[in-house]
Participant: 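Questions regarding the structure given below will be posed in turn.
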Amino acid sequence: LADAHGAQGDQHTRREMLKRGLEIEENHYGLEHFEVAATLFNLAEAHGDLGDQHTKRETLERALEIEEKHYGPKHFELATTLFNLADAHGALGDQPRRGEMLKRALEIEEKHYGPKHFELATTLFNLADAHGALGDQHTKREMLQRALAIEEKHYGFEHIKL
């Protein structure tokens with residue numbers, strides 16, 4: 001139901017419903033259960049959609065901690081949380097931390113998909129942007145070239161996306 005409210009643009013109700021659901025799950029499963037982490041992830045996105053990047057970051061950090069305990073620090077389930085946590089750090093102006101999160105997400109994705117899989121392109125583009133924001137134009141260019149090669153292979157050389 002929270003997602004339906006979000007899809008209709010009612011992020012405030014979405015957030016409140018997710019908070020309610022989180023409280024129920026914490027009482028039922030405990031504070032460290034992986035189901036709680038999934039709800040925290042969704043709640044963090046609701047905070048972000050409402051412009052509260054600070055709370056988004058804090059909520060994703062809690063979700064990540066639970067996921068790491070449940071799955072281990074290099075499990076594929078962590079990649080999306082790391083990617084979104086990087087987004088929150090970037091929105092808050094913390095480019096070094098953004099880069100750390102994206103690098104970690106990329107390492108997990110590479111292990112899961114392989115080094116040339118299409119799913120890596122988005123993370124590479126974002127990691128390139130983080131390097132650029134930190135003044136590392138050389139690494140930025142390397143990341144962009146790698147992402148472009150992946151997308152050219154996936155889409156073909158004449159695709160509009162390129």
Participant: Could you note down all residue pairs passing side chain to side chain donor-acceptor pair (under 3.5 Å) where residues 33-43 supplies at least one of them, sequence neighbours left out?
Facilitator: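 The answer is Glu25-Thr39.
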Participant: Let me confirm one number: the CG-NE2 distance from Leu18 to His47, rounded to the nearest 0.5 Å.
Facilitator: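 Those atoms lie 8.5 Å apart.
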Participant: Show which side-chain atoms of residues 82-95 pair as donor or acceptor with protein atoms under 3.5 Å away, not counting sequence neighbours.
Facilitator:
residue: Asn84; atom: ND2; partner: Glu45; partner atom: OE2; Å: 3.4
residue: Asp87; atom: OD2; partner: Lys56; partner atom: NZ; Å: 2.8
residue: Asp94; atom: OD1; partner: Arg97; partner atom: N; Å: 3.2
residue: Gln95; atom: OE1; partner: Arg98; partner atom: NH1; Å: 3.0

Participant: Which residues pass the salt bridge (Lys or Arg N to Asp or Glu O under 4.0 Å) test with Asp52, sequence neighbours left out?
Facilitator: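 By the salt bridge (Lys or Arg N to Asp or Glu O under 4.0 Å) rule, Asp52 matches no residue at all.
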Participant: Report the residues that fulfil side chain to side chain contact (heavy atoms under 4.5 Å, CB included) with His138, sequence neighbours left out, ordered by chain and then residue number.
Facilitator: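 Scan of His138 (side chain to side chain contact (heavy atoms under 4.5 Å, CB included), adjacent residues dropped) gives Asp136, Arg141, Glu142.
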Participant: Between Arg15 and Asp49 (salt bridge meaning N to carboxylate O under 4.0 Å), is one present in this structure?
Facilitator: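 Asp49 and Arg15: not salt-bridged.
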Participant: Please test Leu106 against Leu102 for side chain to side chain contact (heavy atoms under 4.5 Å, CB included), starting from the C-alpha separation and ending with a verdict.
Facilitator: CA-CA 6 Å; Leu106 180 63; Leu102 288 167; over 6 Å; no
Participant: For Glu16, give me all partners under salt bridge (Lys or Arg N to Asp or Glu O under 4.0 Å), at least two apart in sequence or on another chain.
Facilitator: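 For Glu16 the salt bridge (Lys or Arg N to Asp or Glu O under 4.0 Å) partners, ignoring immediate neighbours, are Lys19.
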Participant: Quick check: do Leu31 and Val36 have side-chain heavy atoms less than 4.5 Å from each other?
Facilitator: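 They are not in side-chain contact.
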Participant: Taking side chain to side chain donor-acceptor pair (under 3.5 Å) as the test, write out the residues that go with Arg104, two or more places apart.
Facilitator: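 If we apply the side chain to side chain donor-acceptor pair (under 3.5 Å) test to Arg104, skipping adjacent residues, the hits are Glu68.
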Participant: Please enumerate all residues that pass side chain to side chain donor-acceptor pair (under 3.5 Å) together with Thr59, with sequence neighbours excluded.
Facilitator: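 By the side chain to side chain donor-acceptor pair (under 3.5 Å) rule, Thr59 matches no residue at all.
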Participant: By the side chain to side chain donor-acceptor pair (under 3.5 Å) test, which pairs, at least two apart or in different chains, include something from residues 111-122?
Facilitator: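 As it turns out, there is no side chain to side chain donor-acceptor pair (under 3.5 Å) pair with a partner in residues 111-122 once direct neighbours are skipped.
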Participant: Considering all heavy atoms of both residues, which atom of Ile66 and which atom of Ala37 are nearest to each other, and what is their separation?
Facilitator: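 Looking at all heavy atoms of both residues, the shortest contact is CG2-CB, 3.7 Å.
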Participant: Please name the pair of heavy atoms, one in Ala121 and one in Ile150, separated by the smallest distance, quoted to 0.1 Å.
Facilitator: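 Of all heavy-atom pairs spanning Ala121 and Ile150, the closest is CB-CG2, 4.2 Å.
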Participant: Just to verify, what does Arg20 make a side chain to side chain contact (heavy atoms under 4.5 Å, CB included) with, not counting sequence neighbours?
Facilitator: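 Arg20 satisfies side chain to side chain contact (heavy atoms under 4.5 Å, CB included) with no other residue.
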Participant: Check whether Phe34 and Phe41 end up in the same hydrophobic cluster, where Ile, Leu, Val, Met, Phe, Trp and Tyr are linked by side-chain heavy atoms less than 4.5 Å apart.
Facilitator: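 Yes, Phe34 and Phe41 fall within the same hydrophobic cluster.
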Participant: Taking C-beta and beyond as the side chain, do Leu43 and Arg14 meet within less than 4.5 Å on heavy atoms?
Facilitator: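 No - every pair of side-chain heavy atoms lies 4.5 Å or more apart.
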Participant: Please say yes or no: joined through hydrophobic side-chain contacts below 4.5 Å, possibly via intermediate residues, are Leu60 and Leu40 part of one cluster?
Facilitator: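 No, no single cluster joins them.
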Participant: Under the side chain to side chain donor-acceptor pair (under 3.5 Å) rule, collect the residues that match up with Glu26, sequence neighbours excluded.
Facilitator: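 Counting only residues at least two positions away or on another chain, Glu26 forms a side chain to side chain donor-acceptor pair (under 3.5 Å) with Arg62.
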Participant: For Gln145, what residues pass the side chain to side chain donor-acceptor pair (under 3.5 Å) criterion, not counting sequence neighbours?
Facilitator: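 Not a single residue meets the side chain to side chain donor-acceptor pair (under 3.5 Å) criterion with Gln145.
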